[in-house]
Protein chains: 2
Amino acid sequence: MAERGRVRLIDVARAAGTSVSTVSRALNGSDRISPQVVAHVRAVADELGYRADRRAQEFKLGRPRTVGVTVPDLANPFFSEVLKGLGAAARADGHRLLIGESGEDPAEELRLVEELADHSGALVLCSSRLTRAGLDRALALPVPVVCINRTVKNAGVVAIDYRAASRLLLEHLTGLGHRRVLYVGGPAASWSDAERRRTLRRTARSLDVTLDEIDGGWSGHHGYGAGPTVLRSRATAVITFNDLVGVGLLSWLHDNGVEVPAELSVTSYDDIPIAAYSRPPLTSLRNERARLGELAWRQLAGRLAGEEWPRPDLLAPVLVVRASTGPARRRVRIRAH
Amino acid sequence: MAERGRVRLIDVARAAGTSVSTVSRALNGSDRISPQVVAHVRAVADELGYRADRRAQEFKLGRPRTVGVTVPDLANPFFSEVLKGLGAAARADGHRLLIGESGEDPAEELRLVEELADHSGALVLCSSRLTRAGLDRALALPVPVVCINRTVKNAGVVAIDYRAASRLLLEHLTGLGHRRVLYVGGPAASWSDAERRRTLRRTARSLDVTLDEIDGGWSGHHGYGAGPTVLRSRATAVITFNDLVGVGLLSWLHDNGVEVPAELSVTSYDDIPIAAYSRPPLTSLRNERARLGELAWRQLAGRLAGEEWPRPDLLAPVLVVRASTGPARRRVRIRAH
DNA sequence: TTGTATGCGTTATCAA
DNA sequence: TTGATAACGCATACAA
């Protein structure tokens, strides 16, 4: 019995010799109804294999219990973890996740957001690549929006505290004697990357560290490709946009005979699981990604309950020191290449 | 103007001085309608900022254009890629992805499947951990189901050709002189793991290779933890369940002074991006994970169009040989530990 | 070509 | 405590 022959409320009512309202009440546990009727209706419903049409229910009831989420890239472990936390929290409150991937493309993300909004009661934008105008359109939609890793007015905000993060990183490096640091950047439209650069610059100034920057990306490929530029620089320590980039860079350095950390220290943001198993293991900033997702749902749940947006949730990262960072070497040796 | 003040079809009709059906037809591009009216209605609709309620539309029209997907673990890059391919293909055909994560738990997966089925027009189970009985219940749902990496009757099937995969791996190893191989397994309820074991055993027999097996898991942690057992074994080559396990194992071997591949060869399944950047780079079986998702959607699309299930799509992997495998050493040196 | 009226499956309002 | 009926927002068969 395919979709067509589906058992409806009225079928149960007929079989039970009663009305749809009674059946509805019996099944939904209303109080103003006799226990015998409830038992009878339940029995009949079971026998017929009745399953309520949840779509019709939600349509009638109003807001869909679905949370729309956009991520730039599903293959990035950072977002996987955020989705995990978000999904678990939302699910615990009876909500589902509708997920869209923008492919790092702002225009596509905007299409996605409008599409998702049509089927969701709330929206979460992970590391949104939306333009300022695009974001305004998103916020004008008739659903509450939380941004993860992007600060925005009139919306929920959950983000990593990059100010604290950058300070932890640079203080660790200066503690090891590094005075010249190179930052290998991330995706162009990334707020996180902009924020990392901004806070690194600021902190570098206050710590009297010389900070150079080059463009990069988000994957191991980008890190490997940055190898030659890194080597040509006069930096004794490198900070990469994330661990994937860091691991890619480590790989290039190894292939080209550069000792880490003896000749060059490498460190990065995020501390995804693989960071512990790279060679050498990567010093990285651990952040509670799953918690980002969880907090996003908390904010949404509050908002849906009629509350105002709370203050942004800022998550402080923890520096996990591993073997990829060590004392700065005395002299920068320039190699031909 | 929040959810309440939403502009409906009837509002547009009133403002345009016409009826709902005319507006509906004008907006949906029906043919039997005069161009002037269309223009007028469109103008009014724009002015009012009308956006059709897609939920109501789909409710009225019937099947939801949503694909429900379950994965054991969102943080596993294998599934991320599958989701990518599936999402892109489904989206190109106007469908969205409703995603649920089972946490490797068969009972949770069953709950998830029933929940997703309530809101989807089709289901994709990625590496389902469902019991036989659970799977039967899933297939009894009024939506078409495709299984990725699990063979099942009366459903769509898209899978990696593990028979070919295992043969590629073992032939590569025997070509290097290995006669004794150890397999570090995956998650308990995993069909993929069972299939890898089955095909490895069979191929090992035909190639006269001695195959030992130990239990493992799916993460780097599991691989690292398997280190001592691996070392105690008499194998000259190790095959791990996937690259994450492989990378974890490499890390342990390095920490304990075991040279790879001089003393031990390591290889695995999947070839996720990180495999190319591990130290040493991992010999692994590349499979087109995104294509798995894409093919799953193709099967569903056909089925939804009224066709029968096609034959299972089997994807042949390609062996990517890197530096983690080399000639078998002559003697197995047993170390104290 | 346009308008009226019905129904999708459910819940909620109102009488009985 | 129950039952008939009106919504929810839209699309469409049918009537005009």
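Sequence lines set the chain letters: A, B, ... in the order given, protein chains first and strands last, and positions in each chain run from 1. Everything numeric here is computed off the predicted structure, so don't read it as measured data.
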Examine the side chains of A/N149 and A/W191 and answer whether a donor and an acceptor come within less than 3.5 Å of each other. no
Taking NZ, NE, NH1 and NH2 as the nitrogens, is one of them in A/R150 or A/E195 under 4.0 Å from a carboxylate oxygen of the other? no
More 5' along DNA chain C: B/F59 or B/V37, using each one's nearest nucleotide? B/V37
Give the rounded distance in Å between these two atoms: CG of B/L9 and C1' of C/dG3. 13 Å
Please determine, for the side chain of A/R25, which listed nucleotide (C/dA5, C/dT13, D/dC10) has the closest atom? C/dT13
With a 4.0 Å cutoff (strictly under), does any side-chain N or O of A/S34 reach OP1 or OP2 of D/dT2? yes
Is any NZ, NE, NH1 or NH2 atom of the basic residue among A/D73 and B/K84 found under 4.0 Å from an Asp or Glu carboxylate oxygen of the other? yes
Please determine, by modelled atom types, if B/S128 and B/E109 share a side-chain donor-acceptor pair under 3.5 angstrom. yes
Presence of B/T18 side-chain N/O under 4.0 Å of C/dG3 phosphate oxygens OP1/OP2: yes
Is any side-chain N or O of B/S21 closer than 4.0 Å to OP1 or OP2 of C/dA5? no
Between C/dT11 (P) and A/I33 (CD1): distance, integer Å: 12 Å
Distance, rounded to the nearest Å, where A/R51 contributes CZ and C/dT10 contributes P: 12 Å
A/Q57 vs C/dT11: side-chain N/O to OP1/OP2 distance below 4.0 Å: yes
Separation of atom CZ in A/R8 from atom C1' in C/dC8, rounded to whole Å: 10 Å
Tell me the interatomic distance from B/I10, atom CD1, to D/dA11, atom P, rounded to whole angstroms. 14 Å
Distance check: side-chain N/O of A/Y50 vs OP1/OP2 of C/dT10, anything under 4.0 Å? yes
I need the CZ-P distance between A/R63 and C/dT10, as an integer number of Å. 20 Å
Reading DNA chain C from 5' onward, which residue's closest nucleotide shows up sooner: B/Q36 or B/K60? B/Q36
Classify the nucleic acid contact of B/L61 as base, sugar-phosphate or nothing, counting any heavy atom under 4.0 Å across all strands shown. sugar-phosphate
Looking at B/R42 and B/D46, does any basic side-chain N land under 4.0 Å from a carboxylate oxygen? no
Ignoring backbone atoms, test whether B/S19 places a side-chain nitrogen or oxygen under 4.0 Å from the OP1 or OP2 oxygen of C/dT2. no
How many whole angstroms separate atom CG of B/D118 from atom C1' of C/dG9? 13 Å
Can you figure out which of C/dT11, D/dG9, D/dC10 approaches the side chain of B/A52 most closely? D/dC10
Atom CZ of B/R55 to atom P of C/dC8: distance rounded to whole Å? 19 Å
